[in-house]
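Some notes on the structure that comes next.
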Amino acid sequence: MKSLAELAAIREKMKDKVVLREGSGEIRVVVGMATCGIAAGARPVLNAFVEGVSNAGLAEKVTVSQTGCIGVCQYEPVVEIFEADKEKVTYIKMTPEKAAEVIEKHLKGGKVISEYTISNAIS
Amino acid sequence: MKELSLNVLDVAMNSVKARAENILIKLIEADGRLTLIIEDDGCGMSEETVKNVMNPFYTTRTTRSVGMGVPLLKLAAEQTGGGITIASVSEKDNPEKHGTTVTAEFYMNHFDFTPVGDMVSTVTTLIQGSPHIEWRFEHITDKGSVELDTRELREILGDVPLDNYEVIKWIEGYLREGYESIE
């Protein structure tokens with residue numbers, strides 16, 4: 001049974017970590033969560049990123065956030081990846097499976113998966 | 001939308017965009033009817049805007065000219081023989097007490113009733129996306145209820161933000177257990 005005591009334990013554990021987390025988020029993963037995205041399956045994609053980033057031990061480096069309509073509804077679910085000094089990467093028609101691959105190859109390995117990007121679809 | 005929980009996620013996003021500080025999501029199942037209430041204390045809307053949000057070709061956004069959130073919810077409700085109402089007070093009309101309440105009613109035995117689906121994912125997604133908002137969630141059925149109030153969690157968590165991964169996982173587990181208990 002989930003208890004409030006577990007929450008108190010999380011607080012204890014985070015005491016030292018809170019400071020560390022500030023200034024983090026060198027990489028930002030942004031999931032489009034407007035009507036178009038939600039209808040196309042953005043919710044499980046977002047959850048796959050939230051869960052996958054944490055399980056891969058990338059939480060200090062990567063933040064996962066939500067945004068509205070990115071403007072390319074036909075390609076939803078759309079995920080944008082922002083990294084300082086690098087060009088934005090836009091992944092389209094995402095699935096939880098593709099999300100796992102992006103975490104492994106792109107966020108962890110630093111290699112863009114070109115075949116899932118919008119530039120691949122329109123070129 | 002494949003499940004009503006996705007409509008709930010979508011329409012609750014409007015409350016987030018209206019800069020609400022408190023958002024209530026309530027589902028009540030009784031006598032074959034499901035009543036969904038999404039209530040916020042955001043900036044509200046003028047009477048004319050309320051009329052317009054029912055229209056699928058209306059939106060305040062400029063990136064694209066179609067806002068489908070409320071019309072899709074309306075469709076989902078009306079196709080079961082139910083409907084939706086929107087009550088709103090704009091910040092301009094009442095700076096002290098403003099906000100919007102969307103109420104939708106569904107007949108659950110109707111052939112075209114869309115299943116509620118995964119409300120747990122909807123609630124965790126909303127909290128993860130807007131951890132600064134106070135969320136209250138209630139799902140009441142004849143077998144019991146599932147409830148969550150972020151104020152109570154915040155009291156225990158102190159400075160730990162609600163979008164902390166372990167907190168989100170705790171919320172998810174807590175709600176899933178709640179749903180198991182009323183199955």
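In the text below, chain A, chain B and the rest are named by the order of the sequence lines, each starting its count at 1.
Within the 4.5 Å cutoff, the side chain of B:Met1 has heavy atoms near those of the A:Ile38 side chain. B:Leu9 places a side-chain heavy atom less than 4.5 Å from the side chain of A:Met33. With contacts defined as side-chain heavy-atom distances shorter than 4.5 Å, the pair A:Glu6/B:Glu166 does not qualify. Residues A:Lys2 and B:Arg176 have side chains not in contact (no heavy-atom distance under 4.5 Å, counting atoms from C-beta outward). Residues A:Arg43 and B:Ser5 meet the side-chain proximity criterion, which asks for heavy atoms closer than 4.5 Å.
B:Leu72 touches chain A through its side chain: at least one heavy atom from C-beta onward sits under 4.5 Å away, while N, CA, C and O do not. At a 4.5 Å heavy-atom cutoff, the contact between A:Leu4 and chain B is made by backbone and side-chain atoms alike. Looking at B:Ser181, there are no atoms closer than 4.5 Å to chain A (heavy atoms on both sides), in backbone or side chain. At a 4.5 Å heavy-atom cutoff, the contact between B:Asp118 and chain A is made by backbone and side-chain atoms alike. With a 4.5 angstrom heavy-atom cutoff, B:Glu152 does not touch chain A via any of its atoms. Looking at B:Glu155, only its backbone comes within 4.5 Å of chain A, counting heavy atoms on both sides.
With rounding to the nearest 0.5 angstrom, the CE atom of B:Met68 is 8.0 Å from the OG1 atom of A:Thr35. Note that OG1 of B:Thr124 is 8.5 Å distant from CG of A:Leu46, once rounded to the nearest 0.5 Å. Put simply, CG on B:Leu157 and CD1 on A:Ile10 are 6.5 Å apart, with the number rounded to the nearest 0.5 Å.
The cluster map of Ile, Leu, Val, Met, Phe, Trp and Tyr, joined by side-chain heavy atoms under 4.5 Å apart, puts B:Ile86 and B:Val8 in the same cluster. Transitive grouping of hydrophobic side chains (ILVMFWY, heavy atoms separated by less than 4.5 Å) brings B:Ile25 and B:Tyr179 into a common cluster. Placement of A:Val30 and A:Tyr91 in two distinct hydrophobic clusters is found when ILVMFWY residues are connected by side-chain heavy-atom separations under 4.5 Å, directly or transitively. Note: the hydrophobic cluster containing A:Leu58 also contains B:Val167 (ILVMFWY, side chain heavy atoms under 4.5 Å, direct or indirect links). Hydrophobic clustering (ILVMFWY, side-chain heavy atoms < 4.5 Å, transitive): B:Leu148 and B:Ile156 are in one cluster.
One N or O on the side chain of B:Trp170 and one on the backbone of A:Ser3 form a donor-acceptor pair closer than 3.5 Å. Remark: side-chain polar atoms of B:Gln128 are not paired, donor with acceptor, to backbone N or O of A:Gln66 under 3.5 angstrom.
Contact count versus chain B (heavy atoms, under 4.5 Å) is highest, among A:Gly68, A:Ala39, A:Ser54, for A:Ser54.
Environment of CD in B:Glu47: sparse, with no more than 12 heavy atoms of neighbouring residues, nucleotides or ligands closer than 6.0 Å.
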